[in-house]
Structures are given as structure tokens and as C-alpha cells.
Asker: 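This is the structure, below, for whatever I ask next.
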Amino acid sequence: MFVAESKRLTHQGAKMIMATALELAGQAKIAICCAIVDAGGHVILIERMDGGRFHTVHSCTTKAVCAASNRRPTTAKGAAGQDLDVAHAIGLALAAGPERWTAMEGGVPVLVDRECIGGVGVSGGDWETDLRIARTAVESIGAKWE
């Protein structure tokens with residue numbers, strides 16, 4: 001077969017994910033930056049809340065791209081799920097490109113019918129809060145992250 005059907009994350013879907021992420025951050029009383037990318041890692045939406053640190057713009061985008069590329073949540077594990085020490089994590093980030101791979105938690109893929117249609121990255125809180133916000137935001141449109 002030479003042609004395949006595929007799903008895609010719409011702008012409206014990305015806006016719903018973003019609204020959920022910002023609402024959850026407000027409830028947690030933290031200022032986050034959230035990036036939402038399509039399946040190819042291209043930015044659909046990005047927002048930095050008032051008070052959000054400027055470096056979180058880059059880290060949330062990297063988390064979203066990495067999650068979409070790997071089709072799994074960002075973590076300090078390699079492609080085969082093995083634990084990475086610091087040297088290997090840094091080496092992988094350098095090999096993939098520092099804007100393409102991260103070991104920081106807070107990025108999750110957007111999965112529909114097992115197909116990856118995008119990624120969400122959240123930065124600004126502790127890693128558990130970033131991850132919780134990203135997961136819940138993806139679920140707000142009926143998608144899965146694992």
C-alpha cells in the first residue's frame with residue numbers, strides 16, 4: 001500500500017489541552033510554560049504564564065518534541081527503556097540534538113487509537129506536577145498518553 005490514513009491534532013484540540021494545562025497550573029499556584037506539538041514535532045501552541053521563567057519556554061518545547069518522537073513520556077530512560085546515567089543522558093541529548101531529546105519528566109505523547117498525533121510538554125513546577133498536568137491535559141480531549 002502506498003497511502004495511509006492518519007489522524008492529526010487540530011488547533012481546537014491543542015487549545016483544549018492548553019486550557020486544561022493552564023487551569024491546573026493555576027490551581028497548583030505555579031506559573032508554567034506549556035508547548036503542544038504535532039506528530040512531527042512542529043509547534044502548534046506555546047504559552048508562558050505570567051511569572052513563568054523564560055528558560056521554561058525551551059524546556060517545555062523539548063519535552064513535547066521528545067515525547068512525540070519517542071511516543072512515550074519523557075524520562076531518564078533510553079530508547080529500549082533502560083536507565084541512563086548522567087553521561088549517557090547528556091550524550092543522547094547531544095546526539096539527538098538538545099532541542100529534540102530530554103531526560104526531564106513533564107512531556108507526554110498524545111495518542112489516539114495507538115497513533116501518536118502530537119506531544120505536550122509542561123515546565124515550571126516540580127517534575128511530578130509537570131507530568132501530572134501534561135497527562136491530565138492530554139486526557140481532557142479523550143486521548144491517551146501511554
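What you are looking at is a predicted structure, and each value in this text was computed from that prediction instead of being measured.
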Asker: Are L84 and L131 co-members of a hydrophobic cluster defined by side-chain heavy atoms under 4.5 Å apart?
Answerer: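 Hydrophobic grouping puts L131 apart from L84.
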Asker: Rounded to the nearest 0.5 Å, what separates atom OG1 in T102 from atom CE in M104?
Answerer: 3.5 Å
Asker: Is the backbone N or O of V57 less than 3.5 Å from a side-chain atom of T61, with the two atoms forming a donor-acceptor pair by type?
Answerer: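 Here the side-chain-to-backbone pair exists.
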Asker: Roughly how far, to the nearest 0.5 Å, is CD1 of I117 from OG1 of T10?
Answerer: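 Taking OG1 in T10 and CD1 in I117, the distance rounds to 8.0 Å.
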Asker: With rounding to the nearest 0.5 angstrom, report the CD to OG1 distance, E105 to T74.
Answerer: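 Result: 6.5 Å between the selected atoms.
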Asker: Taking all non-hydrogen atoms of both residues into account, name the closest pair between W145 and V108 and its distance.
Answerer: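 Minimum heavy-atom contact is CB-CB, 3.8 Å.
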Asker: Give me the atom names and distance for the closest heavy-atom approach of C116 to G118.
Answerer: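 What the structure gives for the nearest pair is SG-O, 3.3 Å.
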Asker: If every non-hydrogen atom of A68 is compared with every non-hydrogen atom of A39, which pair is closest and at what distance?
Answerer: CB-O, 4.3 Å
Asker: Please report the interatomic distance CD(E139) to CD1(I17), rounded to the nearest 0.5 Å.
Answerer: 11.0 Å
Asker: Run the salt-bridge test on R8 and D38 with the 4.0 Å N-O cut-off and return the result as yes or no.
Answerer: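 Looking at R8 and D38, the cut-off is not met.
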Asker: Taking all non-hydrogen atoms of both residues into account, name the closest pair between R100 and G41 and its distance.
Answerer: NH1-O, 4.4 Å
Asker: Using only atom types and a distance under 3.5 Å, with no angle test, would you say the side chain of T56 pairs donor to acceptor with the backbone of R53?
Answerer: yes
Asker: Are more than 12 heavy atoms, taken from residues, nucleotides or ligands other than H55, located less than 6.0 Å from that residue's NE2 atom?
Answerer: yes
Asker: Donor-acceptor pair, distance only, cut-off 3.5 Å: does the side chain of D113 make one with the backbone of E115?
Answerer: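 Answer holds: no.
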Asker: When hydrophobic residues are tied together by side-chain contacts of less than 4.5 Å, even through go-betweens, does V86 share a cluster with W101?
Answerer: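 Each belongs to a different hydrophobic cluster.
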Asker: How long is the span from the CD atom in E146 to the CZ atom in R135, to the nearest 0.5 Å?
Answerer: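 With rounding to 0.5 Å, CD (E146) is 7.0 Å from CZ (R135).
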Asker: Take I36 and I46 through the side-chain contact (heavy atoms from CB on, under 4.5 Å) test and state the conclusion after the steps.
Answerer: CA-CA 6 Å; I36 302 165; I46 188 165; over 6 Å; no
Asker: Of the non-hydrogen atoms in K144 and V138, which two are nearest, and what is the gap between them?
Answerer: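 Between these two residues, the closest heavy atoms are O-CG1, 3.5 Å.
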Asker: Can you hop from I133 to W127 via hydrophobic side chains spaced under 4.5 Å?
Answerer: yes
Asker: Is the number of heavy atoms from other residues, nucleotides or ligands under 6.0 Å of Q27 CD greater than 12?
Answerer: yes
Asker: Are the side chain of D126 and the backbone of E128 linked by a donor-acceptor contact shorter than 3.5 Å?
Answerer: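 Side chain of D126 to backbone of E128, a donor-acceptor pair under 3.5 Å: yes, one is there.
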Asker: What distance do H88 atom NE2 and D83 atom CG have between them, rounded to the nearest 0.5 Å?
Answerer: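 Going from NE2 on H88 over to CG on D83, the span is 12.0 Å.
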Asker: State, to 0.1 Å, how close G106 and A134 come at their nearest heavy-atom pair, and which atoms those are.
Answerer: O-CB, 3.7 Å
Asker: Should L9 and I141 count as side-chain neighbours, where that means a heavy-atom distance under 4.5 Å?
Answerer: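 In contact.
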Asker: Quick check on side-chain contact (heavy atoms from CB on, under 4.5 Å): which of C33, S123, C34 does K63 satisfy it with?
Answerer: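 Of C33, S123, C34, side-chain contact (heavy atoms from CB on, under 4.5 Å) with K63 is met by S123 alone.
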Asker: Are I32 and V110 joined in one hydrophobic group, where the rule is that I, L, V, M, F, W and Y side chains link up if heavy atoms are under 4.5 Å apart?
Answerer: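 Yes, it is one cluster - the side chains of I32 and V110 are joined through contacts under 4.5 Å.
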Asker: Flag the pair M49 / L22 as yes when at least one side-chain heavy-atom distance between them is below 4.5 Å, and no otherwise.
Answerer: yes
Asker: Contact between L45 and H11 at the side-chain level, heavy atoms closer than 4.5 Å - yes or no?
Answerer: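 L45 vs H11: side chains touch.
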Asker: State, without any angle test, whether S140 and T20 hold a side-chain donor-acceptor pair at a distance under 3.5 Å.
Answerer: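 Distance-only check passes for S140 and T20.
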Asker: Is the backbone N or O of H58 less than 3.5 Å from a side-chain atom of T62, with the two atoms forming a donor-acceptor pair by type?
Answerer: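 At least one qualifying donor-acceptor pair exists.
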